[in-house]
Amino acid sequence: MQRKLLFLLILCTTILVGCRDDQFPSIDQHQSFLASMNILEPSMTFYGESGELIAEWKFDKGYSGALIVNNHVLFYGHQLTEADIYELSSGKLVSTIKTGVGSTNAYYDLTYKRVFITNSVRNSVTSFDTQGNKLDECSLGEYPMSMTSNNGLLYVINYKDSKLSIVNIDTMDLHDEWTINESSNGILIVPEKNTVWIGGHGKGNKANRTVDILDLKSGELQHQLDVSIMPVGFSRSEDEIYIINHGSNELHATNLDGQALWNIEIGANPFTVANFNGNVVVAGFDDHKIYILNDQKLIKTIDTGSGPFQLLVREVS
Amino acid sequence: MKKLSSKIWSLIILFLVITVVFMSLFTNFLYDQLYVKDSEESMIEVGERLQSNYQGGKVTDEFVEKVEDFNMYSTFNVFAVRNPKELSACVPFEIDYDTLIGPEERRQLLKGEPITKIGYEERFEREVISVIVPLTDQNRLEGIIYLYYPLARITELANNEVIILISSVVVFSMLLAFFVHKGLGHIMRPLNELQHAVEKMSDGDYKTRVNVSSKDEIGKLSEAFNEMAAAIQSEDEDKKTFLATVSHELRTPISYVKGYSEAIQNNFIEGKEKDDAIQLIHREANRMERLTNELLQLAHSNRDQEKIDVYPMVISETIRESVDLLKNQSKHKEVEINLELDDSLIVQANEEKLKQIFINVIENSIRYSNKKSLIYILLKASGGNAVIEINDQGIGIPKDDLPYITEPFYRVNKARSRADGGSGLGLSIVKDLVKQHNGKLLIDSELGKGTYVTITIPLMEEL
C-alpha cells in the first residue's frame with residue numbers, strides 16, 4: 001500500500017515537473033503588450049502599456065526570432081529543425097512545426113490568415129495555416145529573410161542576393177522579381193503612396209547609408225532617401241515612418257513621402273523599432289535596453305534580456 | 001667493446017646537445033615572456049593614451065587623423081576604426097566578409113576592456129601581436145584603436161642567415177667534438193699505458209713499470225701499479241733463488257749416494273772402506289730425509305699461517321721437555337744447559353709447535369756452541385708476554401748476516417754448514433711458527449762470543 005502511494009507521489013511529481021518545463025507565465029488575452037525577443041541568452045520579455053514587466057520567458061532552445069498571432073506566439077531558430085507554437089493565455093506549448101534547419105524569419109498575413117517561414121538552406125518560403133499545417137513552398141533567391149505583404153502578394157528580400165521576390169499568396173507561385181541591392185534588410189510598404197521602402201547593411205565592408213523607395217507596382221526606384229549608417233528596421237504610425245540605423249545608433253523619422261522630420265541618437269546597436277501605445281520603441285542590442293520615445297523625447301528606458309533583436313507588439317482594443 | 005674515452009666523449013656531446021636544445025627553448029621562453037610581454041604592455045599603454053583623447057560621441061575625422069599622425073612616428077602600426085561593419089555590428093545577421101574583430105571580441109570591448117591577441121592575422125598576412133582598445137560611449141562601441149606589431153620570431157629574424165647559422169653551428173660542433181676528443185686522449189693516455197703495462201705483466205714481464213706523470217687518481221694508480229710490480233718481481237726472484245737452493249742442497253747428497261752406491265755395486269771398494277761408504281750413504285740419506293721433512297714443515301707453516309689449534313699451557317714444561325730431548329746432543333758436545341724458568345706462566349699455544357720452536361733454537365745453540373760451554377735459558381714475564389731468552393757462548397754471527405739469518409737456506413758460512421748437519425731452514429720455520437703464535441723473534445749476536453735469541457709469546461689473559 002505504502003509502495004503504491006510512493007509510486008503515485010513520484011508519478012505526480014514527474015508529471016508536474018514535466019508540465020512545468022513546457023509552461024511559462026501566462027499572458028492575459030485582453031492584455032496589450034510589447035515583447036522583446038532576446039537572442040544572446042534566448043528569452044522573451046513582455047511589457048505592459050506603461051512599460052512594466054509582465055512576464056519573462058527563458059528558453060533552453062536557441063530561438064532566434066518570434067512571431068505573434070493573436071493568442072499564440074511562434075518561436076523559430078536558424079539552427080533548429082522545428083518551430084514551436086505556444087499559447088500566450090496558458091503559457092503552454094501547443095504545437096510544433098517541422099521547418100528544417102535554416103529558418104530566418106516568420107510573417108503572418110492577416111487577410112489570408114497564413115504564416116510564412118523563410119529558409120536560408122532551402123532558399124524558399126513555406127506557408128502554413130494558423131494550426132501550423134504546412135500548405136505550400138516556393139523557391140526564392142539566396143537567403144530569403146525580410147517579408148511583408150500587400151494585396152495578396154508576399155514581398156521577400158533575398159539577403160544574399162540582388163533581387164526581391166514577389167510571391168502570390170494564394171497560389172504560392174513566384175509572381176515577379178525586382179533588382180535590389182545585396183545585403184538588403186528591412187521592408188515596409190506604404191499603400192497610401194504606392195511605395196515599397198527597403199533598407200540594408202550594404203555589401204561587403206561598405207556600410208549602406210540610404211533607404212531605397214520603389215514603386216509598388218513596377219518596382220522602379222523612385223528615389224533614395226539619405227539616412228544614417230545601415231538602416232535595417234522600419235515601423236510606422238499613421239503619418240510618420242521610423243527608420244532605425246544600427247551602424248550609427250540613430251532613429252530617423254520621415255513623413256510618408258520620405259521627407260525627413262526629426263532624428264535622435266538612441267540605444268547601442270539597435271536593430272529594431274516598433275510602435276506601441278502611441279509611442280515609438282527601440283531596442284539596443286549591445287546595451288540590452290528598451291527605449292520608449294514620445295514626441296521625439298525619450299520617456300523611459302527599460303533593462304531587458306541579453307541581446308534584444310526583435311520587438312513584437314500586440315494591441316488589444 | 002666501446003672504449004671508455006668514447007663513452008665519455010659521447011656523454012659530453014650528449015650534454016652539449018641537451019644544452020643547445022635547452023638554451024633554444026629557454027631563449028624562446030624569454031622571448032615570449034620578455035619581448036612579447038613588453039611589446040604588449042607598451043602597446044596597451046600607447047593605446048590607452050590615445051584612447052584618453054577620445055571625448056565620447058561619434059569618432060570624428062580629427063581623431064582618426066590624429067591617430068594616423070601618431071602612426072607615422074610610432075614603432076607600432078596604429079589606426080582607428082569606426083566602420084561598424086568592421087566592428088561586427090551586424091553579427092546577428094550573417095556576414096559575407098572578414099571583420100577586423102569578432103563578435104566575442106566586440107562583447108569584451110563593449111565592457112571597456114582592451115583585447116590582446118598573438119597570432120596570424122589574415123588582414124596583415126603575417127603573425128602579429130595586436131592590441132585593440134575600445135572607444136565606447138554610453139555602451140556604444142563607436143570605434144576602436146587597433147595597434148599591431150609584426151611578430152618577428154627569432155627563426156624569422158634569422159631566416160636570411162639561416163644557412164650561415166646552421167653551418168656555424170655544425171662547424172662549432174665539429175671543432176668542439178675534435179677538441180674534446182683530443183683532450184680526452186691526453187687525459188686517457190696514462191690509463192692506456194697502464195693497460196699495456198698490465199698486459200705485459202700478465203705475459204710474465206715483471207720488469208714493466210709505467211711513468212708517473214701526474215698526481216691525480218691515475219697518477220696514484222700508476223704508483224700503486226709500480227709498487228705492485230716491484231713486489232711481484234722480488235717475490236718471483238725469491239722463488240727462483242729458493243728453488244735453485246733446494247736443488248743445490250739435494251744434488252750434493254744425491255751425488256754422494258749415487259757415487260758410493262755405484263762403487264759398491266761394481267765392487268770398487270772393499271772391507272772398511274765399504275763400511276764407511278755405506279755409513280756415508282746412510283748419513284746423506286738421513287740428511288735428505290731431514291731436509292725434505294723441514295721443507296715440508298716450512299711449506300706447512302706458510303700454508304697454515306692463520307689456523308693453528310691453541311690451548312692454555314705451562315710454557316716452562318715445554319722448555320724442559322725440549323731440553324730433555326736434546327740431552328744426547330748436549331752431552332756429546334759437553335755443553336751444560338742452565339735453566340731459570342718461571343713455572344707460573346701460562347700461554348695460549350700449540351704444544352707441538354712450541355716444542356718445535358725451542359728444539360730448533362736450542363739445537364742451533366748446541367750446534368754452534370764451543371765445547372764445554374754454557375747455554376742459559378731464561379723464562380720470565382714482561383709486559384703481558386712470556387719472554388724466553390736463549391743465550392749461548394758459541395761462535396756467534398757476523399753483524400752483516402744478522403738481517404738475513406731467518407731466510408730459508410741462508411748460511412753464514414756455506415763451507416762449514418754441511419758438516420754441521422743443519423739444513424738452513426730451522427730459523428725460517430721458527431720465525432713462521434712464532435708469528436703463528438702472535439709472538440716475536442729477536443736474534444742478536446756477537447762474533448766469537450755468542451748469540452742471544454729472544455722469543456716473546458703473549459701470556460694468556462686472565463679472565
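Hydrogens, waters and symmetry mates are skipped; everything else that's a heavy atom, side chains included, is used. Sequence lines set the chain letters: A, B, ... in the order given, protein chains first and strands last, and positions in each chain run from 1.
- The part of A:Ser183 that comes within reach of chain B is its side chain, from C-beta onward, which places non-hydrogen atoms under 4.5 angstrom from that chain.
- When all heavy atoms of A:Phe271 and B:Ala89 are compared, the pair lying nearest together is CZ-O, 3.0 Å.
- The most heavy-atom pairs under 4.5 Å with chain B, out of A:Ala207, A:Gly284, A:Ser64, come from A:Ala207.
- Heavy atoms from other residues, nucleotides or ligands lying under 6.0 Å from NZ of A:Lys58 number 12 at most.
- Using a 4.5 Å cut-off between heavy atoms, A:Glu265 contacts chain B through both its backbone and its side chain.
- Chain A forms the most heavy-atom pairs under 4.5 Å with one residue out of B:Lys85, B:Arg107, B:Arg82, and that residue is B:Lys85.
- Once rounded to the nearest 0.5 Å, the distance linking OH of B:Tyr97 with NZ of A:Lys203 reads 13.0 Å.
- Here the NE2 atom belonging to A:His201 is positioned 10.0 Å from the CD1 atom belonging to B:Ile95, to the nearest 0.5 angstrom.
- In this structure, the ring of B:Phe93 has its center no less than 6.0 angstrom from the ring center of A:Tyr143.
- The number of heavy-atom neighbours closer than 6.0 Å to CZ of B:Phe124, taken from other residues, nucleotides and ligands shown, is above 12.
- Put simply, the side chain of A:His246 does not reach to within 4.5 Å of the side chain of B:Pro84, judged on heavy atoms.
- Heavy-atom neighbours of B:Tyr120 OH from other residues, nucleotides or ligands within 6.0 Å: above the threshold of 12.
- Between A:Glu250 and B:Lys58 there is a side-chain heavy-atom pair separated by less than 4.5 Å.
- Only the backbone of A:Lys206 comes within less than 4.5 Å of a heavy atom in chain B; its side chain stays farther off.
- Between the CG atom in A:Asp286 and the CG atom in B:Leu87 there is a gap of 10.0 Å [rounded to 0.5 Å].
- Side-chain contact between A:His288 and B:Asn139: absent, with no pair of heavy atoms (C-beta onward) separated by less than 4.5 Å.
- The backbone N or O of A:Asn249 lies less than 3.5 Å from no partner atom in the side chain of B:Arg140, so there is not a single donor-acceptor pair.
- Remark: the backbone N or O of A:Asn205 is paired with a side-chain donor or acceptor of B:Asn83 at under 3.5 angstrom.
- Of the possible polar contacts, one joining the A:Tyr159 side chain to the B:Glu94 backbone as a donor-acceptor pair under 3.5 Å is found.
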